[in-house]
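Report on one structure; see the data block that follows.
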Amino acid sequence: MNPKSKIPEPMKKPILLYLTTLALTALCGGAAAGQAAAQSAPDMSKYILTPKPADTPRINGARVFGVRPGSEFLYTIAATGVRPMTFSAEGLPKGLKLDPETGRITGRVTAPGEYTVHLKAANAPGSCERNLKIVVGDEIALTPPMGWNSWNCWARDVTQEQVLSSARAMVESGLADHGWSYINIDDGWQGKRGGKHNAIQPNTKFPDMKGLVREIHDMGLRVGIYSTPWIGTYAAHIGSYSDNPDGVNEWIKKGRHNEHYRYQKEGGNYWKDRTEVWHLGPYSFVEADVKQWGEWGIDYLKYDWNPLDYYHVKEMHDALRTLDRDVVYSLSNSAPYGDAPQWMRYSNCWRTTGDIRDTWESISSIGFSQDRWLPFNRPGHWADPDMLVIGMVGWGPKLHYTQLTADEQYTHISLWSLLAAPLLIGCDMAQMDDFTRSLLTNDEVIDVNQDPLGLQAVPDEEVVRIHSSSGTTGTPVIIPYTQQDVIDWAMQFARCYEMAGITPLDRIQITPGYGLWTAGIGFQLGAERLGAMAIPMGPGNTEKQLKMMQDLKSTVICATSSYALLLAEEIAERGIRDRICLRKGVIGSERWGEKMRQRIANELGIE
């Protein structure tokens, strides 16, 4: 970081930033952000590093999307470029259709499977094409959710108009063109129970919840909502449990509430008194609430209490699965690490912390302490270090510009992307300044967060080896390996050998390349883990390959299909087939058909 920044030396913990797009965190000059009392954003334009989108189309966002069989499908092709723009999609599974003007894909798919869909966006200056993998199966949220949450700006005072304004801003500011898609209503929407399900109904700040959801869906976005298994939320609205069998909480019966049915004693201290409703209740209304959310069309649930417990986590999980729509299930807050396998099994996201604040101390202490969750982070299941604290925040009606410096904001966004964390904007998007927008629209940084593999970065002191890959986009990338990665890689190759019928008595001659490519050393590690003899020849040098094959009596050959065929031809030409002891071949890397497979097997005498 720039020496002028306010980052304390002990907090400068090194993070893997091999991707050049993330080097932007080192380029900014330690600007002081707006003070806590500021009512508007300062001019931060000189610190903008993200280039403006080109006029030609660029398709952005996730390259993989999960949906359960039969669930309602909504996916908007995120693309920058001048409008008008038209969209096409080849290979859509049966049951889905595309609106060529909006790029929205809707419908329902009943047949499980993976479908590769070829997307195209075109306008007057040009066109862009890219594949989208639609996975119809049990998992959803195959990449970390990207969206907005109302709490860090409006807190308990949130209104329907503010939510709608944020949805419009997400579209009009262009954020939706970069893959941002969730509009999540946090605590503060709840009124009393009622309706045909005796479910939580919105208070007067939300006069038409179903209409609000429909309008946001019509923008191509998704909608989230909030609840708790306590009888009262953190803001002291009713939860999905009650202290009475009819669902009318005792404080409501006694009139201890304000006009929005928020717990409030006459002459009391709200901030102190609200803790009186922070407890579990004897009567569950989870099924009723879930049915109501399904009818409204909710796509995301933040379920918030502390400490989290298995029973209430699973109860809500099971209820959400009864719906004919997919709901991302996000747990909050401060998930106990000891039960990480349960949170991963029953939820899509789980908060690992308490509430974040817009200070370097808060974001650094949270962001640099997520390493232990790495084994549980994977497509469909994401450790959540809380929301983003950039732009205009405030937790109530009086907003201020984030107290983070420009350097610290770059670190915040880059670090959350490296962690493969959910990205939920916490500011008032209607007041978004150009600098904040630039942080949220750097597609290369977003691509790190949305990578289909769902990998979380680790501190560089844990890296023991570097390899390289062609990547998922065709651009070569560096792949750091921790000691655990090396162990896992060896186990994977050992299992491959075992499945092929290779035993510890075999002698495995390894001909693929070593170095940055993973194949050669992977074959060697697997052989050693199996207990077999490894002969690490590497590529080429055919004369020596054949000599070692004869002298050491190799019984297994690991090779690309083309090199295996070359070896077979050389063996035949030299007439040394009777001196070759090969019985098995592990062939890969290149495309090859059944005809070549049979030829290699016959000429080398292997399986």
Side-chain angles (χ1 to χ4, degrees), residues 38-41 74 76 102 145-177 180-192 194-195 199-227 233-238 257-264 270 289 292-293 295-302 304 387-402 424-433 436-437 440:
Q39 297 301 308
S40 61
L74 173 61
T76 301
T102 64
M146 293 175 57
W148 171 86
N149 179 285
S150 63
W151 186 255
N152 284 0
C153 52
W154 306 120
R156 61 178 185 163
D157 300 311
V158 64
T159 68
Q160 177 167 324
E161 186 50 44
Q162 289 166 346
V163 172
L164 191 56
S165 171
S166 296
R168 290 169 180 155
M170 182 173 282
V171 174
E172 293 167 2
S173 67
L175 262 65
D177 297 335
W180 300 89
S181 62
Y182 284 96
I183 298 293
N184 293 346
I185 308 165
D186 208 285
D187 203 353
W189 66 271
Q190 310 92 322
K192 296 192 301 181
I200 303 173
Q201 300 301 302
N203 58 47
T204 55
K205 295 184 297 172
F206 288 82
D208 185 4
M209 184 67 79
K210 188 170 185 177
L212 172 65
V213 173
R214 182 174 59 251
E215 190 166 353
I216 294 174
H217 281 168
D218 287 345
M219 299 180 199
L221 307 175
R222 306 182 187 95
V223 186
I225 209 159
Y226 174 99
S227 194
T233 67
Y234 281 102
H237 288 278
I238 68 171
H257 57 80
N258 69 358
E259 69 275 22
H260 304 307
Y261 295 97
R262 189 176 68 218
Y263 182 58
Q264 185 171 305
Y270 164 76
D289 291 343
Q292 182 67 78
W293 299 334
E295 291 184 6
W296 285 339
I298 295 299
D299 307 292
Y300 189 112
L301 170 66
K302 177 180 175 181
D304 192 14
M387 293 170 275
L388 304 173
V389 282
I390 60 175
M392 298 295 294
V393 295
W395 296 269
K398 187 176 181 180
L399 304 184
H400 65 266
Y401 193 70
T402 179
L424 293 177
I425 303 163
C427 66
D428 178 11
M429 290 197 294
Q431 298 187 61
M432 188 180 297
D433 62 296
T436 301
R437 184 181 298 107
L440 299 172

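Atoms considered below: every heavy atom in the structure, side chains included; atoms not considered: hydrogens, waters and symmetry mates.
- Considering CD of Glu161 and NZ of Lys205, their distance stands at 13.5 Å, rounded to 0.5 Å.
- In this model, a donor atom of one side chain and an acceptor atom of the other lie less than 3.5 Å apart for Tyr226 and Asp304.
- The shortest side-chain heavy-atom distance between Trp148 and Met387 does not fall under the 4.5 Å cut-off.
- Donor-acceptor pairing under 3.5 Å is recorded for the side chains of Trp395 and Asn152.
- Residue Tyr300 holds its OH atom at 7.5 Å from CG of Asn149, rounded to the nearest 0.5 Å.
- Between Leu164 and Ile183 the shortest side-chain heavy-atom distance does not fall below 4.5 Å.
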Criterion side chain to side chain contact (heavy atoms under 4.5 Å, CB included) on His257 and Arg262, from CA distance to verdict: CA-CA 5 Å; His257 57 80; Arg262 189 176 68 218; 5.8 Å; no
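- The heavy-atom pair separating Val158 from Ser150 by the smallest distance is CG2-CB, 3.7 Å.
- Side chains of Arg222 and Ser181: a donor-acceptor N/O pair is present below 3.5 angstrom, by distance only.
- Both tests do not hold together for Arg156 against Tyr234: distance to the six-membered ring centre under 6.0 Å, angle to the ring axis within 45°.
- The shortest non-hydrogen separation linking Ser40 to Tyr401 is O-CB, 4.3 Å.
- Interatomic distance, Met146 CE to Trp180 CH2, rounded to the nearest 0.5 Å: 4.0 Å.
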Working for side chain to side chain contact (heavy atoms under 4.5 Å, CB included), residues Phe206 and Leu212: CA-CA 8 Å; Phe206 288 82; Leu212 172 65; 4.0 Å; yes
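- Note that the CD1 atom of Ile216 and the CE atom of Met170 stand 9.5 Å from one another [nearest 0.5 Å].
- Contact detail for Asn258 and Gln264: the closest heavy-atom pair is CB-OE1, 3.7 Å.
- Taken from CG in Asp299 to CG in Leu74, the straight-line distance is 7.0 Å, to the nearest 0.5 Å.
- When all heavy atoms of Ser227 and Ile200 are compared, the pair lying nearest together is OG-CD1, 4.1 Å.
- A distance-only check finds no donor-acceptor pair linking the side chain of His260 to the backbone of Gly188 [under 3.5 Å].
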When you look at Leu175 and Ile425, which way does the side chain to side chain contact (heavy atoms under 4.5 Å, CB included) test go after all the steps? CA-CA 11 Å; Leu175 262 65; Ile425 303 163; 3.4 Å; yes
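- For Lys192, the NZ atom counts as loosely surrounded, since its 6.0 Å shell holds 12 or fewer non-hydrogen atoms of other residues, nucleotides or ligands.
- Between Met429 and Met432, some side-chain heavy-atom pair lies under the 4.5 Å cut-off.
- Looking at heavy atoms from C-beta onward, Pro202 lies out of side-chain contact with Gln190 at the 4.5 angstrom threshold.
- Looking only at atom types and distance, the side chain of Gln431 has a donor-acceptor partner in the side chain of Asp428 under 3.5 Å away.
- Tyr270 places a side-chain N or O within donor-acceptor distance of the main-chain N or O of Ala235, the cut-off being under 3.5 Å.
- Annotation: the span from Gln162 atom CD to Asp157 atom CG amounts to 7.5 Å, rounded to 0.5 Å.
- Closest approach of Asp433 and Ala41 over heavy atoms only: CB-CB, 3.8 Å.
- Between Glu215 and Arg168 there is a salt bridge, since a side-chain N of the basic residue sits under 4.0 Å from a carboxylate O of the acidic one.
- Between Gln292 and Gln201, the side chains place a donor N or O and an acceptor N or O closer than 3.5 Å (distance only, hydrogens not considered).
- Judged purely by distance below 3.5 Å, without hydrogens or angles, the side chains of Thr233 and Asp187 pair a donor atom with an acceptor atom.
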Show your reasoning for whether side chain to side chain contact (heavy atoms under 4.5 Å, CB included) applies to Leu221 and Thr76. CA-CA 8 Å; Leu221 307 175; Thr76 301; over 6 Å; no
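- Ile225 is not listed as a side-chain neighbour of Asn184, based on a closest heavy-atom distance of 4.5 Å or more.
- Of all non-hydrogen atoms in Val171 and Ala176, the two that sit nearest each other are CA-CB, 4.2 Å.
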